[in-house]
Number of protein chains: 2
Amino acid sequence: MTYCVGLLLNRGMVFMSDTRTNAGIDNISVVTKLRTWNMPGDRFLCLMSAGNLATTQSTISLLEERGLASHDRKPKLLTQPTMFQTAKLVGETLREVISYTNEGSDGSSRFLGSFILGGQIKGGRPRLFMIYPEGNFIEAGPDNPFFQIGEHKYGRPILVRTYEPTMSLEDAVKLLLVSFDSTIKSNLSVGLPIDLQVYETDKLETGYRQRFDDRDPYYRQISEGWGDALKSAFDQLPAFSPAGVER
Amino acid sequence: MTYCVGLLLNRGMVFMSDTRTNAGIDNISVVTKLRTWNMPGDRFLCLMSAGNLATTQSTISLLEERGLASHDRKPKLLTQPTMFQTAKLVGETLREVISYTNEGSDGSSRFLGSFILGGQIKGGRPRLFMIYPEGNFIEAGPDNPFFQIGEHKYGRPILVRTYEPTMSLEDAVKLLLVSFDSTIKSNLSVGLPIDLQVYETDKLETGYRQRFDDRDPYYRQISEGWGDALKSAFDQLPAFSPAGVER
């Protein structure tokens, strides 16, 4: 499994992804699921993946391959006029890879994958998409300002309760670390290290990137502090006191 | 779907269950999934169910049917010598119902169900079991002091972080309400009202029971207060401040 989140904020976007990949519980590796591309002053793209690793890696390799003609110096991925067209290209490529891999199989869809794509192209606003195995996609907006892929349930309540579009990028990083820590504590298939990518609106450059492992002092502060913070939040709620329960 | 939790504490047990049942998202009903039996001074049993409603209701009806002979006045469920034997009886009955319903089907298991069983029989200690569709079961202990069935992921992090075996029964009720509220806010298939059953060790009587609906003042205090409490817990954590992220 996997856990990736992309948050759309007024000040930019924050992306976070775990790095655990497994083929069975005794075959675990670390692999990055968060890729970025940047043409300074022109565009920034970030792609996070969940699902079958062969499928998502193939899709990214195809997206990165240059055009057929030798004078084509740029990958197709970086020549789309809009973020919408970029999402469409990613979706089509993903669908093509899945369709090829499943050819001749028994008809049930296997080797599926999905992506969160965020980015900004000069002249446009920052946009965030969730791309499905069928190649279609949805876009984040004020009513659904973040996307999660993979093992999304454990870390969702804190996002639902705490996210604000006006948050600073630093607070958004903190929020995502809490969400990831809750997930990692509950589910073996999501694991450290965690990749972080921050993008500031209109910068059109890659921005801040960091990898958090279990020795990272800030991650440890969050992970250890959140238990105590939750307990004090819990104590702050009014006590339950029915007549029938003796103290 | 469903969400049920049984907590084993030093002072007793607390059971909580939602009441939503659905056959498709446009066919929703309220049905209790929490049943209790009591022979004062002799035993108390509580059974919570998840899965196919026909399966779990059939299982309970079979458990409640009296023996074949007309002079048998007590259901078999209430004549077992130990909680272990009671769990075994529930498991066997569940397995029998599932096996009958799936007879002649294509071999894939359908109409599955599972139970959380808790209770105490005079002379024994309070015991809590999770019973699987195959009829086998596991018991709660110091390392796994609670069981969840159904839509368990959203509400798990708060249980993992806050549960203590030494909690008061009132605090355990508060904890379960927070866990249920987090689940209900994230998932449509779990819904109010919520059934609560509290059992105090060695009382051998049914104890406190309550149903919480959306007008219940205490549930509203918890549901509304938890958002604010979480935000203040979040604010209490140290801020993230890398060199690369501008403020």
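A note on names: the letters A, B, ... follow the listed sequences, proteins ahead of strands, and every chain is numbered from 1.
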Would you indicate whether the side-chain heavy atoms of [Y] and [X] approach each other to under 4.5 Å?
X      : Y      : answer
B:H152 : A:K153 : no
A:L237 : B:K174 : yes
A:D171 : B:D235 : no

Under 6.0 Å between the ring centres of A:Y154 and B:Y154?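 Ring-ring flag for A:Y154/B:Y154: false, centres at least 6.0 Å apart.
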So does B:S241 get a backbone contact from the side chain of A:Y218, meaning a donor-acceptor N/O pair under 3.5 Å?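 It does not hold such a pair.
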Are more than 12 heavy atoms from other residues, nucleotides or ligands located less than 6.0 Å from atom CG of B:L188?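 No, the 6.0 Å shell around CG holds no more than 12 heavy atoms from other groups.
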What's the spacing between A:F234 CZ and B:L230 CG if we round to 0.5 Å?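 Reported to 0.5 Å precision, the distance equals 12.0 Å.
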Using heavy-atom distances under 4.5 Å, tell me whether [X] contacts chain B through its side chain, its backbone, both, or neither.
X      : value
A:I184 : neither
A:S232 : side chain
A:L177 : neither

Heavy-atom pair with the smallest gap, counting every atom of A:A229 and B:A233: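 Shortest heavy-atom separation between A:A229 and B:A233 comes out as O-CB, 3.5 Å.
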Salt bridge check, A:D228 against B:R161: does any charged N sit closer than 4.0 Å to a carboxylate O?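 So B:R161 does not pair with A:D228 through a salt bridge.
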Where does the angle between the aromatic ring planes of A:F212 and B:F240 fall among parallel (under 30°), tilted (30 to 60°) and perpendicular (over 60°)?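 Because their plane-to-plane angle lies in the 30° to 60° range, the rings of A:F212 and B:F240 count as tilted.
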Among A:Q210, A:K185, A:R156, which has the most heavy-atom pairs under 4.5 Å with chain B?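 Looking at each of A:Q210, A:K185, A:R156 in turn, A:K185 comes out on top.
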